[in-house]
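All residue numbers in this chain count up from 1 along the given sequence.
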Amino acid sequence: MARFKSLTLFMITALVLAACGGAPAAPANPQAGQASQSAAANTAANESPEASAAAEGDASASASPEPQPISAGPLKDVPRDRTLVLGWGITSPIGVTNPWAIPGYTHQEGNAFMWEPLSYFGIFSDKEIPWLAESMEYTKDDFTALQIKLREGAAWSDGTPVTSKDVVFTFQGQMNNEKLPYHAQFEQFVKDVKAVDEQTIDVTFKMPAPRFKFEVLTLKFDTGIPIVPAHALEKQEDVNAYAGGVEIPHSGPYNLVSWDKNQKIFDLRPDWWAVKAGVMEQPAAERIIVVNIAGQSMDTVAQRIVNNEMDSALDMRSAVIGNIISQNPKVTTHTGNEAPYGYLDWWPNSLWVNTQIEPYNQVPVRRAISLAVDRDKIDEIIYEGANISTIYPFPLYPGLQEFVDKPEVQALVEKYQPSKHDIEESARLMQEAGFTKNGDDLWEKDGQTVNATISGFEGIHSDIVPVLVEMLRQAGFDAAIDFSPSAYQNMAEGNPGLYMFGHGASLKDPYAALELYHSRHSASVGTTAGNNRFSRYANPEYDKLLDAMAPLSEDDPTFQENAVKALEIYWRDQIDIPVIQWLHRIPYNQTYWTNWPTQENVALGTNGAFWAHTGLLVVTNLKPAQ
């Protein structure tokens with residue numbers, strides 16, 4: 001067996017979930033950050049609520065009774081060349097397929113193949129993909145009213161039509177049920193929801209809600225809500241306790257037919273409404289097997305891809321996926337067989353600091369840390385020359401790329417030089433802040449060095465954090481690595497040090513990422529930072545800009561003007577230290593299946609993570625290799 005870099009999948013699975021997940025933003029009512037004894041659960045906590053639950057379940061699995069398998073009956077015969085095999089860590093309780101089951105539900109283990117939204121979003125095409133709804137349009141210029149028109153012909157798996165009753169039931173459930181993940185958003189924004197007729201729903205908002213349609217009602221990556229069947233859930237005494245199992249009506253193309261501790265099996269249902277309605281062609285994959293790879297080493301998972309036992313698996317590090325490609329020419333990636341092997345994910349990583357405590361509360365110190373980071377060197381030695389390093393707290397998807405290309409933003413780049421690497425300037429700023437070098441060549445003040453220990457996660461940061469530590473030590477900062485189980489706890493509690501973590505926020509415009517630093521999220525020291533807003537930054541000048549942006553659409557000139565001003569403050573005050581964009585390096589085995597979403601195949605416009613909400617689009621667009 002070829003040797004691959006071996007990392008325990010328990011750690012990697014949860015960390016990758018965190019890298020691609022994102023708790024729904026709740027501007028006026030942030031949820032408290034979560035933490036558990038498991039490093040995996042710690043990492044996933046709040047960045048993806050589903051991932052956190054899964055990781056915690058995995059951590060306690062050894063103490064739980066042996067899970068009982070479920071089945072819809074005898075399995076029919078399906079040939080391998082019509083079977084899609086996906087590797088993923090299955091940690092949720094067997095039988096939980098109801099999106100409202102709390103705790104335990106996750107879309108990330110194949111359940112996304114069962115559930116559908118009003119609309120999807122193609123991140124690389126930067127376009128809405130209407131689905132159960134043929135349209136969603138704001139009917140007032142101030143974004144206080146939205147009308148939804150459902151498609152004719154949409155139906156649940158039991159043949160019951162999908163109607164406005166289901167949408168109203170879904171929305172009212174989120175409004176009234178505090179356990180549901182988008183309750184805070186519905187409570188904050190939604191005043192009323194009414195069925196006009198079988199296909200039409202009117203939503204009235206309490207305040208302007210220009211991003212509600214996109215952030216809440218549209219599925220992308222790990223955010224947004226699916227529509228649930230009123231006729232099934234209204235019969236349940238407790239909708240959060242109902243597991244769903246194999247019998248729950250669903251609108252998606254696949255039925256769950258078997259689930260045990262080793263795998264989940266989904267079979268295509270021939271009566272999927274989207275085919276008859278002309279939305280999609282009949283999917284070619286007649287069966288999907290999600291193989292449980294939790295607990296397997298990465299060399300085992302990689303070898304199974306090489307051996308054509310699996311068609312795809314979770315995100316991998318560069319060395320691992322490079323070895324797979326070298327051994328099996330049928331395996332490709334988003335960038336083919338060339339580095340960086342992946343696509344831009346929505347989780348750019350920064351070195352966060354608690355801006356409320358010494359010495360990180362000083363802008364010169366934060367700037368000095370940034371000047372110690374050689375982003376060009378990071379691109380060269382970690383990403384094989386690909387331009388992955390970043391100066392932004394958001395991913396450069398089409399809408400955001402358009403924003404940063406504005407002359408006003410580029411003028412700020414020239415003014416603040418956020419990517420600059422200059423050890424001498426870093427030293428000058430530290431001296432101005434009252435620090436001197438000690439006998440160990442480390443910056444010291446009042447007998448204390450600058451604690452630059454980087455809290456991070458070995459499964460996803462083992463390549464870059466050691467490099468950052470060396471750069472920081474060369475610049476005089478007392479840097480070290482903390483990949484311990486308490487790493488996330490250090491971040492959440494705001495302990496001294498640096499935190500390597502991402503920003504699961506903006507996709508189309510910069511508001512959601514910039515809003516992470518609003519002072520309403522500036523939790524006091526000693527309390528937990530909610531929703532991974534670790535900076536605890538507070539600035540009335542900055543708040544005023546964000547408050548003015550909130551009721552405006554992204555194409556409003558005032559929105560754009562204030563976004564530029566807010567980004568200037570981000571760089572001026574060096575709120576955190578942006579380091580890298582995030583990549584998903586996913587292997588796509590073309591032995592049995594082609595038409596994977598790659599940079600050469602962008603017609604679909606979506607990302608290639610089969611575990612994301614848009615995974616249904618990935619699997620239903622695959623074509624047989626023969």
Side-chain angles (χ1 to χ4, degrees), residues 17 21 23-24 48-57 64 67-72 88 90-118 131-132 154-163 165-183 186 216-217 219 222-261 264-267 269 272-273 288 290 611-613 615-616:
L17 292 179
S48 173
E50 301 87 0
S52 178
E56 293 186 59
S64 302
Q68 296 302 305
I70 62 172
S71 172
W88 189 252
I90 302 175
T91 55
S92 59
I94 288 179
V96 177
T97 56
N98 169 22
W100 285 6
I102 306 293
Y105 178 80
T106 174
H107 62 275
Q108 293 179 323
E109 299 172 2
N111 288 338
F113 310 146
M114 298 174 62
W115 298 101
E116 298 175 318
L118 296 170
W131 208 253
L132 290 174
W156 301 105
S157 55
D158 61 3
T160 304
V162 175
T163 70
K165 178 182 177 181
D166 299 299
V167 177
V168 171
F169 179 85
T170 299
F171 288 12
Q172 289 182 341
Q174 294 284 351
M175 292 168 67
N176 300 325
N177 190 329
E178 294 182 355
K179 295 181 180 180
L180 295 182
Y182 280 84
H183 169 72
F186 276 84
V216 178
L217 304 185
L219 289 191
D222 296 289
T223 63
I225 61 170
I227 301 303
V228 297
H231 69 289
L233 293 187
E234 65 187 0
K235 298 176 184 177
Q236 304 301 320
E237 183 176 347
D238 183 348
V239 294
N240 302 130
Y242 173 49
V246 298
E247 74 278 358
I248 187 170
H250 51 281
S251 62
Y254 289 91
N255 295 325
L256 175 68
V257 295
S258 178
W259 185 353
D260 60 34
K261 64 180 181 179
K264 293 173 73 172
I265 300 177
F266 299 85
D267 280 356
R269 59 184 186 94
W272 184 33
W273 70 270
I288 301 175
V290 181
W611 57 88
H613 274 309
L616 182 150

Trainee: Do Thr106 and Trp611 pass the side chain to side chain contact (heavy atoms under 4.5 Å, CB included) test, and can you show the C-alpha distance, the side-chain angles, and the key distance before you say yes or no?
Mentor: CA-CA 10 Å; Thr106 174; Trp611 57 88; over 6 Å; no
Trainee: So do the side chains of Asn111 and Lys264 get within less than 4.5 Å of each other, counting heavy atoms only?
Mentor: yes
Trainee: So, do Ser157 and Arg269 sit near enough that their side-chain heavy atoms are less than 4.5 Å apart?
Mentor: yes
Trainee: For residues 234-245, pull every pair meeting salt bridge (Lys or Arg N to Asp or Glu O under 4.0 Å), keeping only residues two or more places apart or in separate chains.
Mentor: Lys165-Glu234
Trainee: Are the side chain of Glu109 and the backbone of Thr91 linked by a donor-acceptor contact shorter than 3.5 Å?
Mentor: yes
Trainee: With a 4.5 Å limit on heavy-atom distance, are the side chains of Ile227 and Leu118 in contact?
Mentor: yes
Trainee: Please tell me if the side chains of Leu217 and Ile225 come closer than 4.5 Å, counting only heavy atoms from C-beta onward.
Mentor: yes
Trainee: Residues in side chain to side chain donor-acceptor pair (under 3.5 Å) with Asn240, at least two apart?
Mentor: Asn177
Trainee: Considering non-hydrogen atoms only, spot the tightest contact between Gly95 and Ile70 and give its length.
Mentor: CA-CD1, 3.6 Å
Trainee: Between Met114 and His250, which heavy-atom pair has the shortest distance, and what is it?
Mentor: O-CB, 3.2 Å
Trainee: Can you list the residues that meet the side chain to side chain donor-acceptor pair (under 3.5 Å) rule with Asn98, with sequence neighbours excluded?
Mentor: none
Trainee: Give the intermediate values and the outcome of side chain to side chain contact (heavy atoms under 4.5 Å, CB included) for residues Asn255 and Trp272.
Mentor: CA-CA 10 Å; Asn255 295 325; Trp272 184 33; over 6 Å; no
Trainee: Do the non-hydrogen side-chain atoms of Phe186 and Leu180 ever get within less than 4.5 Å of each other?
Mentor: no
Trainee: Is a side-chain donor or acceptor of Thr97 paired with a backbone partner of Gly245 at a separation under 3.5 angstrom?
Mentor: yes
Trainee: With sequence neighbours excluded, tell me which residues meet ring-ring contact (aromatic ring centres under 6.0 Å, His included) with Tyr242.
Mentor: none
Trainee: A side-chain contact here means heavy atoms from C-beta on lying under 4.5 Å apart; do Ile248 and Val228 qualify?
Mentor: no
Trainee: Please state whether the rings of His231 and Trp156 are parallel, tilted or perpendicular, taking 30° and 60° as the class boundaries.
Mentor: tilted
Trainee: Quick check: closest heavy atoms across Gly224 and His613, and the distance to 0.1 Å?
Mentor: O-NE2, 3.7 Å
Trainee: Applying side chain to side chain donor-acceptor pair (under 3.5 Å), name anything that partners Gln174, two or more places apart in sequence or on another chain.
Mentor: none
Trainee: How would you list, by chain and number, every residue that makes a salt bridge (Lys or Arg N to Asp or Glu O under 4.0 Å) with Lys261, sequence neighbours excluded?
Mentor: Glu66
Trainee: What is the minimum heavy-atom distance between Pro117 and Leu219, and which atoms define it?
Mentor: CB-CG, 3.3 Å
Trainee: Should the pair Trp131 and Trp273 be assigned to parallel (<30°), tilted (30 to 60°) or perpendicular (>60°) ring geometry?
Mentor: perpendicular
Trainee: Provide the closest heavy-atom pair for Trp100 versus Thr170 in the form atom of the first, atom of the second, distance.
Mentor: CZ2-O, 3.6 Å
Trainee: Is any side-chain heavy atom of Trp259 closer than 4.5 Å to one of Val246?
Mentor: no
Trainee: Answer yes or no: is there a side-chain heavy-atom contact under 4.5 Å between Trp115 and Pro229?
Mentor: yes
Trainee: Can you tell me if Asp158 uses its side chain to pair, donor with acceptor, with the backbone of Thr160 under 3.5 Å?
Mentor: yes
